[in-house]
Amino acid sequence: MNITIKQAKDYVNQEVTIGAWIANKRSSGKIAFLQLRDGTGFMQGVVVKAEVSEEVFQTAKSINQESSVYITGTITEDDRSKFGYEIQVSDIEVISESHDYPITPKNHGTEFLMDHRHLWLRSKRQHAVMKIRNEIIRATYEFFNDNGFTKIDPPILTGTAPEGTSELFHTKYFDEDAFLSQSGQLYLEAAAMAHGRVFSFGPTFRAEKSKTRRHLIEFWMIEGEVAFMNHDQSLEVQENYVHHIIKSVLKNCQLELELLERDTSKLEQVTTPFPRITYDEAVEFLIEEGFTDIEWGDDFGAPHETAIANHYDKPVFIVNYPTKIKPFYMEPNPENPDTVLCADLIAPEGYGEIIGGSERINDLELLNQRIKEYGLDPEAYEYYTDLRKYGSVPHSGFGLGLERTVAWLSGVEHVRETSPFPRLLNRLYP
Ligand code: 4AD
Ligand code: MG
């Protein structure tokens, strides 16, 4: 019977065969312990010299890290391991030997590991982070499907730039100039006018010259857009969504969180609603905290966001930023037209902004004026302004950065470990 490690619990006292890699190994004269991994989990294989052929025991003793094998043996319960099961090995069939595997159990520097990302993905921590990433994606689809959203896939090659023109990846589209999508928002707005509640999940590209623990050049964004929804209602959707992913990860990734030594009490205490403070209040708070490098009208940097986040034990919405530091499409705040109806959601523990969202301008004249003010080509935005000509409605939406969210929930320091093959400033390999 061929099974996976994950299925082992259903095969106690039965003889099975598992295809696996040798993650690690220790042996003495009489017994060898093989640390097996097959992608579904990690399990110990016990090879007892007295119970196997001489050849099998020699194989167990000499086999190198990351060799691939078929292991045959009997599954037994094992209270000492976290996993709870091990396999009493009777036979080992070597599929392919591995020699001089570069990532050994000793400590390697980050650049070395990033150069070997294609192999580093096999290690326990990296495996756990990808599992958490996958759970967030699964819970995302669950949340949006359960709440009446239709998934719409915006294009990756585009001629419009929602988030400003300075950080675009330019490419040729036959004879035309095009760029890689920074955000699917403008297309999602069109789709919201057809489907009411829509979401997307796709890669986005920012040619940002930032080399911080929060910035990737290519990252995945989950965006939601809803017709007839004002900004306050959008904040409720956002907090419910984030709460849903936290609960799902806590419930379905216990082993991974434990392996990563994540302090889960910090995640368990996150309940809705999340606090909301205005940009004005945030600036006042920072000045009181002794920040001398900030005044009204400035955008917040990482230290500012962290100082604000540290004041709360949940994510915090900063609402109503100044118009001039935000994109062209945001609806003015009726209470102060120098600000807009928008929010950034700042994660706790220094993970920074995980969501940017806003109510969108629905007045044609104002939108045309903004397109001009921001120096955008009105022709390229005709599809977008059309939405304001044919039955314009108030609508709002938001985008959540997947990798920053994975970093926060996993408790890993840097977003480079939350993307399988991160694109970073100066890194396109592997
Ligand atoms: O705040 P941003 O730029 O918002 C938008 O793109 C809107 N059009 C979304 C919308 O309203 N539909 O980006 C959204 C989120 C940020 O909050 C952050 O989590 C993430 O995307 N993000 C990045 N993540 C990693 N590396 C980068 N360089 C990122 N830039 C933004
Ligand atoms: Mg933003």
Side-chain angles (χ1 to χ4, degrees), residues 133 136 140 144 149 152 154 158 160-169 179-192 197-226 229 231 234-235 237-238 241-242 245 279 299-302 304-305 309 315-319 321-322 325-331 340-347 351-361 384 395-409 412 414-419 422-425 427:
R133 178 181 169 114
I136 294 173
T140 292
F144 284 106
F149 286 73
I152 297 287
T158 166
T160 44
E163 305 302 313
T165 48
S166 61
E167 295 165 351
L168 288 170
F169 269 103
F179 15 86
L180 302 181
S181 177
Q182 291 174 313
S183 155
Q185 180 194 323
L186 307 187
Y187 296 100
L188 274 193
E189 288 185 50
R197 299 163 83 84
V198 295
F199 77 108
S200 67
F201 171 49
T204 44
F205 306 85
R206 307 265 171 109
E208 283 183 75
K209 294 263 155 63
S210 309
K211 206 174 177 178
T212 78
R213 54 180 278 232
R214 302 168 175 183
H215 285 90
L216 291 165
I217 305 301
E218 178 180 310
F219 65 96
W220 285 63
M221 197 179 349
I222 292 123
E223 297 185 81
E225 194 71 36
V226 181
M229 192 169 73
H231 188 242
S234 172
L235 295 185
V237 174
Q238 293 170 45
Y241 168 44
V242 171
I245 32 192
Y279 170 88
D299 208 353
F300 298 138
H304 308 119
E305 288 179 353
V316 49
F317 286 114
I318 305 177
V319 303
Y321 282 73
I325 55 169
K326 285 292 177 189
F328 74 97
Y329 52 72
M330 292 186 178
E331 178 74 11
V340 280
L341 296 179
C342 75
D344 284 359
L345 182 65
I346 314 298
Y351 287 95
E353 177 202 330
I354 53 167
I355 295 186
S358 65
E359 189 163 329
R360 323 306 192 185
I361 291 174
Y384 188 64
H395 62 288
S396 303
F398 60 90
L400 172 133
L402 176 63
E403 288 79 6
R404 289 188 191 176
T405 307
V406 177
W408 168 38
L409 299 190
V412 305
H414 198 296
V415 287
R416 67 186 161 218
E417 286 185 47
T418 67
S419 167
R423 310 288 86 162
L424 299 162
L425 199 61
R427 180 176 288 284

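Atoms within each ligand, like the ligands themselves, are counted from 1 in listed order. If you read the sequence from its start, that first residue is 1, and numbering goes on from there. Everything quoted here is computed from the prediction, not taken from an experiment.
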Using a 4.0 Å heavy-atom cut-off, say whether [X] meets ligand 1 through its side chain, its backbone, both or neither.
X	result
Arg214	backbone
Glu163	side chain
Arg360	side chain
Ile355	backbone
Phe398	backbone
Tyr329	side chain

Original post:
Considering distance alone, does some N or O of Pro162 sit under 3.5 Å from an N or O of ligand 1?
Top reply: no
**OP:** Show your working on salt bridge (Lys or Arg N to Asp or Glu O under 4.0 Å) between Arg133 and Glu403 and close with a plain yes or no.
**Re:** CA-CA 8 Å; Arg133 178 181 169 114; Glu403 288 79 6; 3.0 Å; yes
**OP:** Determine, for Arg214 against Glu305, whether the closest basic-nitrogen to carboxylate-oxygen distance falls under 4.0 angstrom.
**Re:** yes
**OP:** Could you tell me whether ligand 1 has any atom less than 4.0 Å away from a heavy atom of Val415?
**Re:** no
To which of [options] does the heavy atom nearest [atom] belong?
atom	options	answer
atom 28 (N) of ligand 1	Ile346, Leu424, Leu216, Thr405	Leu216
atom 18 (C) of ligand 1	Met221, Glu223, Arg404, Glu167	Arg404
atom 6 (O) of ligand 1	Gln182, Arg206, Gln185	Arg206

Subject >> Parallel, tilted or perpendicular, as decided by the 30° and 60° cut-offs, for the rings of Phe328 and Tyr384 >> reply: perpendicular
**OP:** Please determine if the Mg ion (ligand 2) has an N/O/S atom from Glu163 lying under 2.8 Å away.
**Re:** no
